[in-house]
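I have placed the structure first, in the form of structure tokens, so that the comments after it can refer back to it.
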Amino acid sequence: MARVSQEHLDARRRQILDGAARCFARNGFHATSMQDVLKEAGLSAGAVYRYFRSKEELIRAIAEDVFGTVRAAFESAARETPPPLPDVVLGRVLGQVFLGPQAMADLDREGFPRLVLQVWAETLRDEELAATLRRGYEVVRDAWTTLVQQYQRSGLMRDDVPADHVARTLVAAVQGFIAQQALFGESGIEVLEDGLRGLMSVPGGNIG
């Protein structure tokens, strides 16, 4: 019997996660059954349960995949000299998450935010998922803190404000943007980019 390649295994895992993501975004986590996921992914129970035993495992895997995409975007920005400013970084990160090669297939800019809200809501009852999100949050916060420190050393940003405070605020801006997308409808990523550029031009901000 021929061995199944890692590429095939990865593609099958992606197929399952994409199907689950579409179901969760469309119907909500609790209204979605594993049978719904099987049907959406077009796979047998045996094929799916080989990778994931429950909806909880699926939603944790989706969250981890998204954070992996975000981490890669930040690592790329941190390697640049000088580093791109916050509006550019956020545009790249959100572009990768919403539209990049690792984005959930067939989820539009409204579907993905709805999925994120489903994940956030589940953290109130699933401690393992909450731990996954906390780890992801710390990765993003640390990445922003590193970038802010680079801005401060370069004179691009005032250095009398703790870098961690700026980092937390930038994370909050993205979280708020995603919530607006989910609750009130689609807005282009450029809205957030423009808003940040406007705030950075306020006298005393020392950016721009």
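Bear in mind that the values here come from a model prediction, so they are computed numbers and not experimental data.
The ring-ring contact (aromatic ring centres under 6.0 Å, His included) contacts involving residues 119-141 comprise nothing, where partners must be two or more places apart or lie in separate chains. Applying the side chain to side chain donor-acceptor pair (under 3.5 Å) rule to pairs touching residues 161-177 yields Arg141-Asp164, Asp164-Arg168, sequence neighbours excluded. Applying the salt bridge (charged side-chain N to carboxylate O under 4.0 Å, His left out) rule to pairs touching residues 169-180 yields nothing, sequence neighbours excluded.
Val166 meets the side chain to side chain contact (heavy atoms under 4.5 Å, CB included) test with Val148, Met157, Val161, Leu170; sequence neighbours excluded. Under the side chain to side chain donor-acceptor pair (under 3.5 Å) criterion, Ser154 pairs with no residue, sequence neighbours left out. For Glu128, there are no side chain to side chain donor-acceptor pair (under 3.5 Å) partners at least two apart in sequence or on another chain. Every residue two or more places apart in sequence or in another chain that forms a side chain to side chain contact (heavy atoms under 4.5 Å, CB included) with Glu122 is listed here: Phe29, His30, Ile59, Arg125, Leu129. With sequence neighbours left out, the side chain to side chain contact (heavy atoms under 4.5 Å, CB included) criterion links Tyr49 to Met34, Ala45. For Glu7, there are no side chain to side chain donor-acceptor pair (under 3.5 Å) partners at least two apart in sequence or on another chain. Shown here are the side chain to side chain contact (heavy atoms under 4.5 Å, CB included) partners of Val37, two or more places apart in sequence or in another chain: Ala20, Thr32, Leu58. For Arg12, the salt bridge (charged side-chain N to carboxylate O under 4.0 Å, His left out) criterion is met by no residue, not counting sequence neighbours. For Arg53, the side chain to side chain donor-acceptor pair (under 3.5 Å) partners two or more places apart in sequence, or in a different chain, are Glu57.
Atom CG in Asp10 sits 4.5 Å away from atom CD in Gln6 (nearest 0.5 Å). Atom CZ in Arg50 sits 11.5 Å away from atom CG in Leu43 (nearest 0.5 Å). Atom CG of Asp142 sits about 11.5 Å away from atom CG of Leu147, to the nearest 0.5 Å. Annotation: the span from Leu85 atom CG to Leu90 atom CG amounts to 11.0 Å, rounded to 0.5 Å. Atom OH of residue Tyr51 and atom CD of residue Gln15 lie 9.5 Å apart, to the nearest 0.5 angstrom.
Hydrophobic clustering (side-chain heavy atoms under 4.5 Å, transitive across Ile, Leu, Val, Met, Phe, Trp, Tyr) keeps Val119 apart from Val139. In the hydrophobic cluster analysis, where Ile, Leu, Val, Met, Phe, Trp and Tyr join through side-chain heavy atoms closer than 4.5 angstrom, Leu115 is grouped together with Phe184. Phe177 is connected to Leu183 through a chain of hydrophobic side-chain contacts under 4.5 Å among Ile, Leu, Val, Met, Phe, Trp and Tyr, so both are in one cluster. A continuous path of Ile, Leu, Val, Met, Phe, Trp and Tyr side chains, each step under 4.5 Å between heavy atoms, connects Leu117 with Val171, placing both in one hydrophobic cluster. In the hydrophobic clustering of ILVMFWY residues, with side-chain heavy atoms under 4.5 Å counting as a link, Val88 and Met200 come out apart.
Pairing each heavy atom of Ile16 with each of Val48, the nearest pair is CD1-CA, 3.9 Å. A pairwise comparison of heavy atoms in Ala73 and Val93 identifies CB-CG2, 3.7 Å as the closest pair. Heavy atoms only, all atoms of each residue included: Ala61 and Phe52 are closest at CB-CE2, 3.6 Å. Annotation for Asp36 and Cys23: closest pair O-SG, 3.7 Å, computed over non-hydrogen atoms. Scanning both residues, Asn27 and Ala31, for their nearest heavy atoms gives O-CB, 3.2 Å. Between Gln152 and Ala163, the closest heavy-atom pair is OE1-CB, 4.0 Å.
Between Asp194 and Arg197 there is a salt bridge, with a side-chain nitrogen of the basic residue lying less than 4.0 Å from a carboxylate oxygen of the acidic one. With respect to the salt-bridge test (charged N to carboxylate O, under 4.0 angstrom), the residues Arg92 and Glu80 qualify. Using a cutoff of 4.0 Å between basic side-chain nitrogens and carboxylate oxygens, Asp18 and Arg14 are scored as salt-bridged. A salt bridge is defined here as a Lys NZ or Arg NE, NH1 or NH2 lying under 4.0 Å from an Asp or Glu carboxylate O, and Asp126 with Arg60 meets this definition. For the pair Glu64 and Arg71, the salt-bridge criterion is not met [side-chain N within less than 4.0 Å of a carboxylate O].
Counting only heavy atoms from C-beta outward, the side chains of Arg26 and Glu40 approach each other to under 4.5 Å. The shortest side-chain heavy-atom distance between Gln150 and Leu156 does not fall under the 4.5 Å cut-off. The closest side-chain heavy-atom distance from Arg13 to Leu9 is not below 4.5 Å. Considering only heavy atoms from C-beta on, Leu133 comes within 4.5 Å of Phe67 through its side chain.
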CA sep, side-chain torsions, deciding dist, call: Lys55, Phe24, side-chain contact (heavy atoms from CB on, under 4.5 Å): CA-CA 10 Å; Lys55 292 190 299 181; Phe24 295 153; 4.2 Å; yes

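Counting heavy atoms of neighbouring residues, nucleotides and ligands inside a 6.0 Å radius, atom CD of Gln35 does not exceed 12 of them.
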